[in-house]
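Here the structure is a predicted model, which is why all the values come from computation and not from measurement.
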Amino acid sequence: MMHDTSSIKVWDISIRLFHWALVAFFVIAYITGEIETETLHAWAGYVIIALLAYRIVWGLIGSRHARFSDFIYSPAEIIAHLKSLPARHPKRYLGHNPAGGLMVILLLLGLMATSWTGLKAYEAEGKGPLVATTVSPGIPTAQAHDWEHGERHGKGDEFWEEAHEACVSFMLVLIFLHLGGVAVSSMLGRENLVRAMVTGRKQVDRD
């Protein structure tokens, strides 16, 4: 039986499904956040939260290159990797390189912040799973009795909406940097990282 010894399995199927599902639902949430499709926007957000929960668990007990321990590097290692990029011969990693690992953590944290502020903004409108929970100290938040004929009295909605929008803007910056990093790493490493996230395989025999 023939076996392709020039590539090796790196990303398991669940990580690849997580990655592309997250891309799809973030796009849906972003688009529906700009138009009057509040219910779809909220449900896309709930799916993203579920995906994040899965990723945290799989980052602890999942396959080798999916684990946080495989791609969380020290600041010195990250700086050394970035300094090696101009030489066009950076050290090659089967999993995430130090810069890529840092970006994964930042993206996850950014999505958590975006999801939390989204839930709080929804709560401030008297909707969502947080309506019945304890109000955050110092931040006025709408409860069901705050509503009268579709209008509410308080300023919590404005605060959380602005916080949510700021988190989304931060995520867009991170996504732009992520795409740039993928392009640079693919070029310098002479490998297609997008294809690797589709097939799960990376080349190991390089010229």
> Determine all donor-acceptor pairs shorter than 3.5 Å in which one atom belongs to a side chain in residues 76-86; sequence neighbours excluded.
residue : atom : partner : partner atom : Å
Glu77   : OE1  : Ser74   : N            : 3.0
Glu77   : OE1  : Ser74   : OG           : 3.2
Ser84   : OG   : His81   : O            : 2.6

> Using side-chain contact (heavy atoms from CB on, under 4.5 Å), reason through Leu177 and Leu106 one step at a time and then give a plain yes or no.
CA-CA 11 Å; Leu177 293 174; Leu106 290 176; over 6 Å; no
> Taking the side chain as every heavy atom from C-beta outward, state whether Ile175 and Phe26 have any pair of such atoms under 4.5 Å apart.
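The answer is yes, as the side chains (C-beta and beyond) meet within the 4.5 Å cut-off.
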> To the nearest 0.5 Å, what is the distance between CG (Asn192) and OG (Ser185)?
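If we round to the nearest 0.5 Å, Asn192:CG and Ser185:OG are 12.0 Å apart.
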> In a table with atom names and distances, give each donor-acceptor pair under 3.5 Å that connects a side chain of residues 93-104 to protein atoms at least two apart or in another chain.
residue : atom : partner : partner atom : Å
Asn97   : OD1  : Ala99   : N            : 3.1
Asn97   : OD1  : Gly100  : N            : 2.6

> Where do Arg16 and Val198 come nearest, in terms of heavy atoms and distance?
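So the two residues come closest at NE-O, 3.2 Å.
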> Mind running side-chain contact (heavy atoms from CB on, under 4.5 Å) on Tyr122 and Leu130 for me, showing each step along the way?
CA-CA 8 Å; Tyr122 211 40; Leu130 298 184; over 6 Å; no
> Taking side chain to side chain contact (heavy atoms under 4.5 Å, CB included) as the definition, give me every residue that meets it alongside Thr199, ordered by chain and number, with sequence neighbours left out.
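Testing Thr199 for side chain to side chain contact (heavy atoms under 4.5 Å, CB included), a comparison that skips the adjacent residues, returns Arg195, Arg201.
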> Give the table of side-chain donor-acceptor pairs shorter than 3.5 Å for residues 42-57, with sequence neighbours excluded, one pair per line with atom names and distance.
residue : atom : partner : partner atom : Å
Tyr54   : OH   : Ser14   : OG           : 2.7
Arg55   : NH1  : Ala66   : O            : 3.0
Arg55   : NH2  : Ala66   : O            : 2.9

> Applying ring pair (Phe, Tyr, Trp, His ring centres under 6.0 Å), name anything that partners Phe68, two or more places apart in sequence or on another chain.
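Listed in chain order: Phe71.
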> So do the side chains of Trp116 and Cys167 get within less than 4.5 Å of each other, counting heavy atoms only?
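Result no, sub-4.5 Å side-chain heavy-atom pair not found.
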> Counting only heavy atoms not in Phe25, do more than 12 sit closer than 6.0 Å to its CZ atom?
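For Phe25, atom CZ is not crowded (no more than 12 foreign heavy atoms under 6.0 Å).
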> Quick one: side-chain hydrogen bond (donor to acceptor under 3.5 Å, both in side chains) partners of Thr117, sequence neighbours excluded?
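Partners of Thr117 under the side-chain hydrogen bond (donor to acceptor under 3.5 Å, both in side chains) test: His164.
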> Is there side-chain contact between His41 and Tyr30, with heavy atoms separated by less than 4.5 Å?
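A side-chain contact is absent here, since even the closest heavy-atom pair is not under 4.5 Å.
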> Would you say the side chain of Leu193 lies within less than 4.5 Å of the side chain of Lys202, judging by non-hydrogen atoms?
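Yes. Closest side-chain heavy atoms under 4.5 Å.
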